[in-house]
Amino acid sequence: MPSSFVKNAVVLGLLSAIGPFAIDMYLPALPAIAGDLHASAAATQWSLTAYFLAFGVCQIVYGPASDAWGRKPPLYFGLALFALGALGCSLSPDIGWLIGCRLLQGIGAAAVTVIPRAVVRDLHTGIAATRLMGLVMLVFSVSPIFAPLLGSALIVPLGWRAVFVAMTVAALLAMVLVATLLPETRPPAQRLSGGLRRVKGTFAQVLSERRFWALSLVGGLGMASFFAFLANSSFVYIEHFGLTPLHYSLAFALNAIGFIAGSQCSAPLGARLGIPRVMRLGMTLYACLALTLLALTLSGLDDLMALMALLFAIFACLGLTLPPIMVMLLDEHGPIAGSVSALSGTVQMMVGGAVIGVLSQFVDGSALPMVSAIALCALGAATIALIALPRRAPAPLPAE
């Protein structure tokens, strides 16, 4: 495998991990934040919901901006906002301030989600793009393993505010990474002009495509199930099952390992079976496992080991599915890859934010609300994938 391929995967993966890093690292601190700021669990979860909503909506801006002005300038802007928001979170006197600064963080983090996907499409299509996307997700998936551990290591001796100081430092280091190692894959000759009129026309074109909506909703519901886990796992594992923040971080990391394993299988299986078939297979297994977990929970099973084992398998299937979904979305839209990535990301994050917002109203300290949300999202995603998407994808346009 060429060294430039691996270098691009590492750089893009580290950039993509910035957004999840800002979630995973502070998850062990949620109970401590609620206590220190005298806020309810539902109010504290709104700091996560605000982040997701800003993260989703603002992708609409960064995608077209990267198509028009190149990939790197919007990255610098987004990382600067992210750092400013993280610094503000570290100084929060109350929960309202924290939610506002998390909103600012989410606005900045949208850049490092949209643009790396567009860079992948600039460089590759088809199986090569799936392989690169899988490697990006390999690096990206390291965040859920180490971020909660790092968060716990900072929270115990220094308190939860140290987590946001670390996020500020991470954003500044990412800016150095963009400046020194990331090539500009959108040269001036390929940039789109036309301003707001061109953006509106592009969005109208993409939003009129049934295939775009199907793939985006499948990916969005899949991610929403993971967001449901993110928003509730610390309360379920720490308060319901009695894990320490460190043990919670290790339990959380298990799901990331499953996701990594699944994502690394997507390209080899795609080469043998076809990318659409891998996506459909992954979605079917994902829904069956999620419904099994729900049935066991409804029957009265309240066992931590069983919950962890099934969640591991569920998120492994999700990891198998997400790289093919993104490749299928971008393969046909090379000249407007940034805009398509932005629109799809917005749909996915809005679905995830809505699920967290609704789920926060049903939190009762048990695993049932979280498991129910995961199962419903999985069932919806699999239904759309099996009914609305063809077994074969259209031929992709060549990479830029």
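For reference, positions follow the sequence shown, starting with 1.
Applying the under-4.5 Å side-chain rule to Ile, Leu, Val, Met, Phe, Trp and Tyr, the cluster around L281 extends to L285. V169 belongs to a hydrophobic cluster with L173, counting contacts under 4.5 Å between side-chain heavy atoms of Ile, Leu, Val, Met, Phe, Trp and Tyr, direct or through other members. Membership of the apolar cluster around L379 extends to L291, as traced through chained side-chain contacts below 4.5 Å between ILVMFWY residues.
Remark: Y248 engages Y237, F252 in a ring-ring contact (aromatic ring centres under 6.0 Å, His included) (not counting sequence neighbours). Not counting sequence neighbours, the partners of S366 by the side chain to side chain donor-acceptor pair (under 3.5 Å) test are D364. Shown here are the side chain to side chain donor-acceptor pair (under 3.5 Å) partners of S47, two or more places apart in sequence or in another chain: Y26. Qualifying side chain to side chain donor-acceptor pair (under 3.5 Å) partners for S40, counting only residues two or more places apart in sequence or in other chains: none. Checked against side chain to side chain donor-acceptor pair (under 3.5 Å), T49 has no partners two or more places apart in sequence or in another chain.
A side-chain donor from one of Y286 and S225 sits under 3.5 Å from a side-chain acceptor of the other.
Counting only residues at least two apart or in different chains, salt bridge (charged side-chain N to carboxylate O under 4.0 Å, His left out) contacts with residues 150-174 comprise D36-R161. Residue pairs meeting the salt bridge (charged side-chain N to carboxylate O under 4.0 Å, His left out) criterion with at least one member in residues 315-326: none, sequence neighbours excluded.
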List the atom pairs, with distances to 0.1 Å, where a side-chain N or O of residues 98-108 and a protein N or O form a donor-acceptor pair under 3.5 Å, not counting sequence neighbours.
from, atom 1, to, atom 2, distance (Å)
R102, NH1, A22, O, 3.0
R102, NH1, Q105, OE1, 2.8
R102, NH2, A22, O, 3.2

Between side-chain atoms of residues 297-321 and protein atoms elsewhere (two or more places apart, or another chain), which donor-acceptor pairs fall under 3.5 Å?
from, atom 1, to, atom 2, distance (Å)
T297, OG1, L293, O, 2.8
S299, OG, L296, O, 2.6
D302, OD1, H240, NE2, 3.1
D302, OD2, H240, NE2, 2.9
D303, OD2, M305, N, 3.2
D303, OD2, A306, N, 2.8
T321, OG1, C317, O, 2.9

